[in-house]
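Just so you know, residue 1 is the first one in the sequence shown, and it goes up from there. Keep in mind that this is a model prediction, so the values were computed, not measured.
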Amino acid sequence: MLKKYKLRSYNFILVFILIVTSVFALAVVNSANSAYTVKQGAGIAISFIIMIIVSFIDYNWILKYYWIWYAIVTIMLIGVLTVFGHGSHGATRWFKIGPVQLQPSEFLKLALILLVAKLVAANKEKLNSIKFLLLIACLTLFPILLVALQPNLSTAILLTLIVIAMLYCSGVSYKIFGIAILVAIPVLSAFLIYVVSVEHPILIEDYQRKRIVDFIEGKSEEVDMNDAGTYQQAYAVQAIGSGQLYGKGLNNNDTSSLKNAGYIAEAQNDFIFAVIGEELGFTGSCITIFLLFLIVLECIIVAVRARNFEGRLICCGIAIYIGFQTFINIGVVSWILPNTGVPLPFFSCGITSLLTLFIAMGIVLNVSLQRNVERDDDMFADDFRG
């Protein structure tokens, strides 16, 4: 479980980037809604300590119990839907432990990354067999379906994208992906036609249908005040644009601020990037994206230098997780994607999200610590798509 490591092999660059990102994120949260500052600060501190502890635990030991992590999270998801679920904003996605509210779907992101990495590494010779891919599909789609039923369609889609991207990185043949794309296009088209044409579709909630329809039909010049999703995005775009180059400043008292006027709903959560755009301008937005890009890049660099295939695939999965989630969140806030509830990594309020992200970073740090151990480079060359 624990090994002796050389301190000079520790990835202090990644730790430094995470510290800068966390401090910057806390300052933005404080400006967005100071009522969450203490809770978010405590969450960051505790998660950071856990990350350091995890970074000294052999990731191969963690991976050894992938079935346990998968089973625990799946049971938690079932519990949320049946007995222990705590509802909010029309969805049941959380359960409470005292004052702490946990969201199991966040833990599922890391659990599926470990599951796919272990199964693929243990069955490299079966990677392109239909039987093996169906096994992966069944094991991953079951908990993803539980997430979709909460309902949390955006996270379910993100989880599916993470699994697909990891399979691509692991070396699944282009032929299989080509066939999958040819099948997916007509299925997706039929789904969109169904959603648009049926007033009360059974596959998704009415509010989800409305957001998809509004996005397909285009952005109206008049904001529909009866639809939270529409006005959230419309005001978020206005807020980002009003920030111009340098923004209005954190914790400002500007009377023209949409955040101060209360037009940015849940400013400390999914729409925190709108606060960054308004108060720190284009410059602050670029700094935010650059910090998250550096974290993703560092994960990829660690993956390239990993000692074995499992470590490489885990780091790639974590890079995919953070990269895709960042893209979706900013895409929603800037109104280039339909409105979905996906947090901005390391910035949006949420203890479960922070804990999952920092545990993931701890695993990446451990993979980096073991990079000087002899690697099986022939395996990388044969089985990993670079």
Q) Is Phe282 atom CZ crowded by more than 12 heavy atoms from other residues, nucleotides or ligands, each under 6.0 Å away? A) no
Q.
With a 4.5 Å cut-off on side-chain heavy atoms, are Leu159 and Thr140 touching?
A. no
Q | Nearest atoms (heavy-atom pairs only) where Leu292 meets Leu344 | A | CD1-CD1, 3.9 Å
Q) Looking at CG of Leu110 and OH of Tyr321, how far apart are the two atoms once the value is rounded to the nearest 0.5 Å? A) 7.5 Å
Q.
Please give me the minimum heavy-atom distance between Leu112 and Pro143, naming the atom from each residue.
A. CD2-CG, 4.3 Å
Q) If you measure from CZ on Arg312 to CD1 on Ile300, what distance do you get to the nearest 0.5 Å? A) 11.5 Å
**Q.** Any donor-acceptor pair under 3.5 Å from Ser31 side chain to Val28 backbone
**A.** no
Q) Which is it for Tyr59 and Asn308 under the side-chain hydrogen bond (donor to acceptor under 3.5 Å, both in side chains) test, yes or no, and what are the steps along the way? A) CA-CA 11 Å; Tyr59 70 91; Asn308 60 18; 2.8 Å; yes
(Q) I need the minimum non-hydrogen distance between Leu313 and Ala117, along with the two atoms involved. (A) CD2-CA, 3.7 Å
Q) Rounded to the nearest 0.5 Å, what separation is found between the CG atom of Asp270 and the CG atom of Asn329? A) 6.5 Å
Q. So, the side chain of Thr155 versus the backbone of Asn152: is there a donor-acceptor pair under 3.5 Å, distance only?
A. no
Q. If you draw a 6.0 Å radius around CZ in Phe142, do more than 12 non-hydrogen atoms from other residues or ligands fall strictly inside?
A. no
Q | side chain to side chain donor-acceptor pair (under 3.5 Å) pairs, two or more places apart, involving residues 177-187 | A | none
Q.
With a 4.5 Å cut-off on side-chain heavy atoms, are Phe56 and Leu369 touching?
A. yes
Q: State, without any angle test, whether Glu310 and Asn60 hold a side-chain donor-acceptor pair at a distance under 3.5 Å.
A: no
Q. Do Ile19 and Phe48 have side chains that get closer than 4.5 Å, going by heavy atoms?
A. yes
**Q.** Heavy-atom side-chain contact between Phe271 and Gln233 under 4.5 Å
**A.** yes
(Q) For residues Met51 and Leu7: do they belong to one hydrophobic cluster (side chain heavy atoms under 4.5 Å, members Ile, Leu, Val, Met, Phe, Trp, Tyr)? (A) yes
Q: Give, for atom CD1 of Ile57 and atom CD1 of Ile62, the distance between the pair rounded to the nearest 0.5 Å.
A: 5.5 Å
Q) Can you tell which of Tyr65, Trp69, Tyr70 makes a ring-ring contact (aromatic ring centres under 6.0 Å, His included) with Trp67? A) Tyr70
Q) Between Ser154 and Val332, does a side chain to side chain contact (heavy atoms under 4.5 Å, CB included) hold up when you go through it step by step? A) CA-CA 11 Å; Ser154 56; Val332 168; over 6 Å; no
Q) Taking the side chain from Asn123 and the backbone from Leu119, do they hold a donor-acceptor pair closer than 3.5 Å? A) yes
**Q.** Any donor-acceptor N/O pair, Glu278 side chain to Lys248 backbone, under 3.5 Å
**A.** no
Q: Test Leu365 against every option in Val302, Val54, Val15 by the side-chain contact (heavy atoms from CB on, under 4.5 Å) rule and name the one that passes.
A: Val15
Q.
Given 3.5 Å as the limit, does a donor-acceptor pair link the side chain of Lys124 with the main chain of Ala121, or not?
A. yes
Q.
Can you confirm whether Leu114 sits close enough to Lys118 that some side-chain heavy atom of one is under 4.5 Å from a side-chain heavy atom of the other?
A. no
(Q) Within a 6.0 Å radius of atom OH on Tyr36, are there more than 12 heavy atoms belonging to other residues, nucleotides or ligands? (A) no
Q. Do Asp58 and Gln370 pass the side-chain hydrogen bond (donor to acceptor under 3.5 Å, both in side chains) test, and can you show the C-alpha distance, the side-chain angles, and the key distance before you say yes or no?
A. CA-CA 9 Å; Asp58 186 359; Gln370 300 194 47; 2.8 Å; yes
Q: Check whether any side-chain heavy atom of Leu280 lies under 4.5 Å from a side-chain heavy atom of Leu250, and answer yes or no.
A: yes
Q: With rounding to the nearest 0.5 Å, note down the distance linking CD1 in Ile314 to SG in Cys299.
A: 11.5 Å
Q. For Ser170 and Leu127, which heavy atoms make the closest approach, and how far apart are they?
A. O-CD2, 3.4 Å
**Q.** Under 3.5 Å donor-acceptor, Gln268 side chain and Thr37 backbone
**A.** no
Q: Would you mind reporting whether Lys126 and Lys131 have side-chain heavy atoms less than 4.5 Å apart?
A: no
Which pairs would a plain distance check flag for residues 349-364, meaning a side-chain donor or acceptor within less than 3.5 Å of a matching protein atom at least two apart in sequence or in another chain?
{"residue": "Thr352", "atom": "OG1", "partner": "Gln103", "partner atom": "N", "Å": "2.9"}
{"residue": "Thr356", "atom": "OG1", "partner": "Thr352", "partner atom": "O", "Å": "2.8"}

Q: Report yes or no: does Ser55 contribute a side-chain atom to a donor-acceptor pair with the main-chain N or O of Ile52 at less than 3.5 Å?
A: yes
(Q) Looking at every heavy atom in both Val73 and Pro104, which two are closest together, and how far apart are they? (A) CG1-O, 3.7 Å
Q: Please answer whether the main-chain N or O of Pro343 pairs with a side-chain N or O of Gln325 as donor and acceptor at a distance below 3.5 Å.
A: yes
Q | Validation row: Leu145, Leu141 side chains within 4.5 angstrom (heavy atoms) | A | no
Q. Ser368 and Tyr10: side-chain hydrogen bond (donor to acceptor under 3.5 Å, both in side chains), yes or no, with the steps?
A. CA-CA 7 Å; Ser368 180; Tyr10 205 80; over 6 Å; no
(Q) For Ser348, is there any backbone N or O sitting under 3.5 Å from a side-chain donor or acceptor partner on Asn269? (A) no
Q. side-chain hydrogen bond (donor to acceptor under 3.5 Å, both in side chains) between Asn252 and Asn260: does it pass, once the steps are laid out?
A. CA-CA 8 Å; Asn252 69 78; Asn260 293 342; 3.1 Å; yes
Q) Of all heavy-atom pairs between Ile162 and Gly317, which one has the smallest distance, and what is that distance? A) CG2-O, 4.4 Å
Q) Which is it for Phe293 and Thr326 under the side chain to side chain contact (heavy atoms under 4.5 Å, CB included) test, yes or no, and what are the steps along the way? A) CA-CA 9 Å; Phe293 168 76; Thr326 298; over 6 Å; no
Q. Just how far is it from atom CG of Leu26 to atom OG1 of Thr21, taken to the nearest 0.5 Å?
A. 12.5 Å
(Q) Show, in sequence, the C-alpha distance, side-chain angles and deciding distance for Phe347 and Phe273, and conclude whether the ring pair (Phe, Tyr, Trp, His ring centres under 6.0 Å) test is met. (A) CA-CA 8 Å; Phe347 283 84; Phe273 190 75; 8.6 Å; no
Q. Got a sec: does the CD1 of Ile13 have more than 12 other heavy atoms crowding it under 6.0 Å?
A. no
Q: Using modelled atom types only, decide if a donor and an acceptor are shared between the side chain of Ser242 and the backbone of Ala239 within a distance under 3.5 Å.
A: yes
